[in-house]
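Worksheet for the structure shown next.
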Protein chains: 2
Amino acid sequence: MAGTNTDLVIQLRQAILFQRIRTIPELSRVLSASFPTVKKHLDLLIAHGEIDEQVSELSNGGRPAKQYQYRAEYAQGLALYLELDAIGFQIFDAVGTNLSFGTEPVEKNQPHVPALIRLIHRLLEQNPHISFLSVGVAASVENGQVFFAPDYPSLQQVDLKGVLASQFDVPVVVENDMNAAVIGFHEGHQRSQQSLIYLYLGKNGPGSGILINGQLVRGSSHFAGEISVVPQYDKKTFGQAIARRQTALDPQTIDAISRLTTTFAATLNPHLLIFNGSEVTEHDLEQIRSKTAEYIPEAHIPLLIRSHWETDYLNGLTRLGLQLLTEQPLSANRRTSS
Amino acid sequence: MAGTNTDLVIQLRQAILFQRIRTIPELSRVLSASFPTVKKHLDLLIAHGEIDEQVSELSNGGRPAKQYQYRAEYAQGLALYLELDAIGFQIFDAVGTNLSFGTEPVEKNQPHVPALIRLIHRLLEQNPHISFLSVGVAASVENGQVFFAPDYPSLQQVDLKGVLASQFDVPVVVENDMNAAVIGFHEGHQRSQQSLIYLYLGKNGPGSGILINGQLVRGSSHFAGEISVVPQYDKKTFGQAIARRQTALDPQTIDAISRLTTTFAATLNPHLLIFNGSEVTEHDLEQIRSKTAEYIPEAHIPLLIRSHWETDYLNGLTRLGLQLLTEQPLSANRRTSS
DNA sequence: ACTACTTATTAAAATATTTTAAAAAGTAAA
DNA sequence: TTTACTTTTTAAAATATTTTAATAAGTAGT
């Protein structure tokens with residue numbers, strides 16, 4: 001198309017969708033492009049059905065700027081997450097609103113990939129507007145390929161993104177569960193350039209997702225965040241120290257978590273440490289905070305907060321899917337029904 | 001000046017100086033700008049005396065591309081680093097080659113800032129080509145301001161960058177010593193997007209510098225890398241565990257370092273862990289490696305290597321100074337002698 | 001030495017973007 | 001309600017960048 005800067009189109013979509021910037025003057029500033037250029041590309045997106053224009057009432061002194069926003073109906077995405085005995089899913093629209101969700105059981109010892117493909121087939125038929133997929137797995141993933149999946153032997157070394165993309169001919173993103181969760185939390189809280197760590201204690205050992213300056217830390221061998229093996233006591237790692245805990249956390253567990261908090265504070269010094277709200281109480285957090293203060297000056301302790309893990313996980317998958325949507329070239333991003 | 005894209009000028013300088021890209025076709029690819037645009041801005045830089053053009057002999061099939069390189073004589077920088085009882089310095093040219101160096105004693109209990117200013121005054125007079133300053137301190141620094149400097153009470157809360165910049169009217173950068181060291185190592189080894197951690201055991205407690213995906217980790221309260229307080233044993237932190245070591249490392253120290261290595265591998269999973277070559281031997285590294293393998297699978301252990309700390313530190317300061325040089329607007333980056 | 005091939009450079013035309021100035025659409029106060 | 005002021009939007013002119021085609025300068029093989 002004449003006069004189309006693909007890069008700028010992508011940046012526009014992302015600024016409108018993720019940074020919630022709504023007016024041309026602001027878009028112009030944020031993307032450092034001129035008013036006419038921004039307008040021209042917005043017109044393109046409007047013509048393409050991706051964006052809506054609205055006259056607004058709000059003003060800050062002079063003529064109020066028109067508001068531009070992403071059209072929820074433009075596309076739909078499907079997020080799926082693998083569990084040991086089931087596959088959960090959620091369908092969402094182009095602004096990330098949840099439309100429906102459900103779970104599909106997977107037989108014990110049955111491989112996940114065929115079940116996943118069957119489920120996607122069914123959902124795509126029932127819902128022809130779905131145009132991109134986002135998949136979460138509790139395994140280490142690089143560029144859509146599953147590397148190391150101790151809990152899912154049938155996924156080991158599978159190029160999940162490749163398999164699904166060629167099978168369904170839509171954009172696909174595959175991500176580790178903890179990474180998706182930090183991304184989801186980050187998205188929901190608009191803490192753009194901060195560093196966050198998401199902590200999951202887990203039944204079969206803990207895990208974490210790490211975001212530094214807004215960037216995921218994956219590690220050289222996809223091992224980043226595998227905090228279970230961190231040595232903490234003469235004869236115990238973090239994983240061993242918290243293994244015998246009950247639902248109500250005992251002092252030993254509190255101490256182990258405090259030591260881990262100290263370790264993070266003394267290495268990455270993040271702004272925020274996020275706990276799974278169903279694993280720790282507010283009272284636990286207070287205890288962790290005061291115990292941590294015995295190891296390190298309070299000024300350096302990250303903010304300790306609870307969040308809803310599954311929500312964050314799904315938000316992360318949604319966000320990754322939408323990211324995919326924004327990166328599509330113009331006029332190639334719809335599954336045409338013809 | 002007509003038709004000058006300041007951003008592109010900066011990118012050109014950095015690509016030529018730091019990435020060692022020498023031909024227009026390559027510059028064009030790397031900066032994703034067209035041949036004519038790159039050529040036009042290069043001509044500007046040549047006219048300005050920053051860059052030299054050379055015809056080259058090398059060819060890869062067709063007409064050989066002209067080679068462009070930064071002119072060493074274009075400018076000089078001064079790097080200074082504060083020690084408890086002295087200030088070290090180094091003068092270097094625009095491609096980072098060391099021209100001269102030395103140290104200036106500072107009296108016990110005398111404040112560092114006046115001594116630093118006197119020294120810079122003297123060096124600038126002796127060497128009028130110096131046009132930018134780079135200062136290293138063993139303290140936490142943010143945006144040129146010294147935050148927390150337990151070893152240098154006279155620096156506490158001083159806006160060192162502001163003071164020097166207004167006093168000498170040249171660009172100034174101030175950085176923490178460990179951060180400068182990782183930057184220096186990274187620069188010298190061209191490992192562009194990898195994650196590195198520089199470990200310094202130290203006489204008065206250890207420290208580290210952390211680089212993730214080529215980005216410095218500073219932390220929310222400038223505490224990143226303060227590994228001394230990491231809990232490692234029932235009753236000992238890393239700092240305490242290595243405090244009583246001799247020049248030859250004992251098994252306890254080796255174990256503590258191995259635990260720290262494990263901790264880093266299980267959180268950031270970096271590619272490389274760099275030790276101060278004058279603090280550990282190759283044999284120590286082997287022991288650390290095999291001890292670490294008792295805590296974590298070998299595949300995830302970072303590469304352990306020794307490097308020369310002071311060289312890396314100075315290279316880092318040099319690099320930061322040159323970075324400053326590349327960021328200057330055109331024709332405002334020379335201390336004119338008129 | 002000639003020919004075919006490869007790659008770099010230059011120049012001109014085609015496009016795209018920014019800048020500037022003018023017009024439009026609002027607010028707020030006299 | 002008018003006037004002064006702000007801010008957005010549009011349109012035109014000025015600039016900047018990319019694309020295209022032509023030219024230059026080399027290599028390698030015959």
Side-chain angles (χ1 to χ4, degrees), chain A residues 1-16 19-48 50-70 329-331, chain B residues 1-16 19-48 50-70 329-331:
Chain A
M1 188 168 292
T4 302
N5 179 337
T6 309
D7 243 40
L8 186 55
V9 167
I10 292 174
Q11 287 183 65
L12 274 174
R13 289 199 274 230
Q14 294 181 347
I16 291 173
Q19 299 189 59
R20 277 149 225 203
I21 295 173
R22 301 169 165 283
T23 67
I24 300 185
E26 273 190 274
L27 287 166
S28 173
R29 265 193 303 115
V30 172
L31 306 182
S32 47
S34 69
F35 190 107
T37 308
V38 170
K39 179 61 165 33
K40 173 177 143 195
H41 288 85
L42 273 182
D43 286 342
L44 231 64
L45 286 167
I46 292 170
H48 199 248
E50 293 192 42
I51 283 182
D52 261 349
E53 183 184 285
Q54 282 184 310
V55 284
S56 82
E57 304 78 51
L58 303 149
S59 149
N60 34 351
R63 174 173 176 174
K66 286 183 193 154
Q67 307 265 107
Y68 295 85
Q69 51 190 209
Y70 219 80
L330 259 179
S331 64
Chain B
M1 189 168 290
T4 302
N5 179 336
T6 308
D7 242 40
L8 186 55
V9 166
I10 293 175
Q11 287 183 65
L12 275 173
R13 290 199 274 230
Q14 294 181 347
I16 292 174
Q19 299 189 59
R20 277 151 224 195
I21 296 173
R22 302 168 163 284
T23 67
I24 298 184
E26 273 190 274
L27 287 166
S28 173
R29 265 194 303 115
V30 171
L31 307 183
S32 48
S34 69
F35 190 106
T37 308
V38 170
K39 179 62 168 29
K40 173 178 141 195
H41 288 86
L42 273 181
D43 286 343
L44 231 63
L45 287 168
I46 293 170
H48 199 249
E50 293 191 43
I51 284 183
D52 261 348
E53 183 183 286
Q54 282 183 311
V55 284
S56 83
E57 303 77 52
L58 303 148
S59 150
N60 36 348
R63 173 174 175 174
K66 287 181 193 154
Q67 307 265 107
Y68 296 85
Q69 51 190 215
Y70 218 80
L330 258 179
S331 63

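The sequence lines fix the lettering, A, B, ..., with proteins before strands; numbering per chain opens at 1.
B:Ile21 CD1 to B:Tyr68 OH: the interatomic distance, rounded to the nearest 0.5 Å, is 14.5 Å. Taking CG from A:Asp52 and CD1 from A:Ile46, the interatomic distance works out to 8.0 Å, rounded to the nearest 0.5 Å. In this structure, CD in B:Glu53 is found 7.5 Å from CD1 in B:Ile24, a value given to the nearest 0.5 Å. Taking CG of A:Leu42 as the start and NZ of A:Lys66 as the end, the distance is 10.5 Å to the nearest 0.5 Å.
Taking the side-chain contact (heavy atoms from CB on, under 4.5 Å) definition, one finds that A:Pro36 meets it with A:Ser34, sequence neighbours left out. Evaluation of the side-chain hydrogen bond (donor to acceptor under 3.5 Å, both in side chains) rule for A:Gln11 yields no partner, not counting sequence neighbours. Every residue was checked against the side-chain hydrogen bond (donor to acceptor under 3.5 Å, both in side chains) condition with A:Thr6, not counting sequence neighbours, and none meets it. Here B:Ser28 pairs with nothing under the side-chain hydrogen bond (donor to acceptor under 3.5 Å, both in side chains) rule; sequence neighbours left out. Listed by chain and residue number, A:Lys39 satisfy the side-chain hydrogen bond (donor to acceptor under 3.5 Å, both in side chains) test with A:Asp43 (two or more places apart in sequence, or in another chain).
For the pair B:Glu26 CD and C:dA8 P, the computed distance is 9 Å after rounding to whole Å. In this entry the distance linking CG of B:Leu8 with P of C:dT18 reads 14 Å, nearest Å. Atom C1' of nucleotide D:dT10 and atom CD1 of A:Ile24 are separated by 11 Å, given to the nearest angstrom. A straight line from CG of B:Leu12 to P of D:dT17 spans 11 Å, rounded to a whole angstrom. In this structure, B:Asp7 places its CG atom 15 Å from P of D:dA16, rounding to the nearest Å. Note: CG (B:Asp43) to P (C:dA11) measures 11 Å, nearest angstrom. In this structure, A:Gln67 atom CD and C:dA25 atom C1' are separated by 15 Å, rounded to whole Å. Here the P atom of nucleotide C:dG26 and the NZ atom of A:Lys66 are 11 Å apart, to the nearest Å.
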Discussion item. Does the protein touch nucleotides 19-25 of chain D at the base, only the backbone, or not at all? Give it as B, S and - per nucleotide, heavy atoms under 4.0 Å.
Written reply: B----BB

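At least one side-chain nitrogen or oxygen of A:Lys39 sits closer than 4.0 Å to the OP1 or OP2 atom of D:dT10. Neither OP1 nor OP2 of C:dA16 sits under 4.0 Å from any side-chain N or O of A:Asn5. Of the side-chain N and O atoms in B:Lys40, one or more sit less than 4.0 angstrom from OP1 or OP2 of D:dT17.
Summary for the helix from C:dA1-D:dT30 to C:dA30-D:dT1: the axes at its two ends, each from 5 pairs, differ by 10° when rounded to the nearest 10 degrees.
No side-chain heavy atom of A:Thr37 sits under 4.5 Å from any side-chain heavy atom of A:Leu31. The shortest distance between side-chain heavy atoms of A:Ile51 and A:Tyr70 falls below 4.5 Å.
Legend: salt bridge (Lys or Arg N to Asp or Glu O under 4.0 Å) pairs involving residues 20-34 of chain A, not counting sequence neighbours, sorted by first then second residue: A:Arg20-A:Glu187.
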Protein and nucleotides 28-30 of chain D: nitrogen or oxygen contacts under 3.5 angstrom:
none

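Of the candidate nucleotides C:dT18, D:dT9, D:dT17, D:dT17 has the atom nearest to the side chain of B:His41. In the set D:dT8, C:dT17, C:dT9, C:dT9 carries the atom at the smallest distance from any side-chain atom of B:Ala65.
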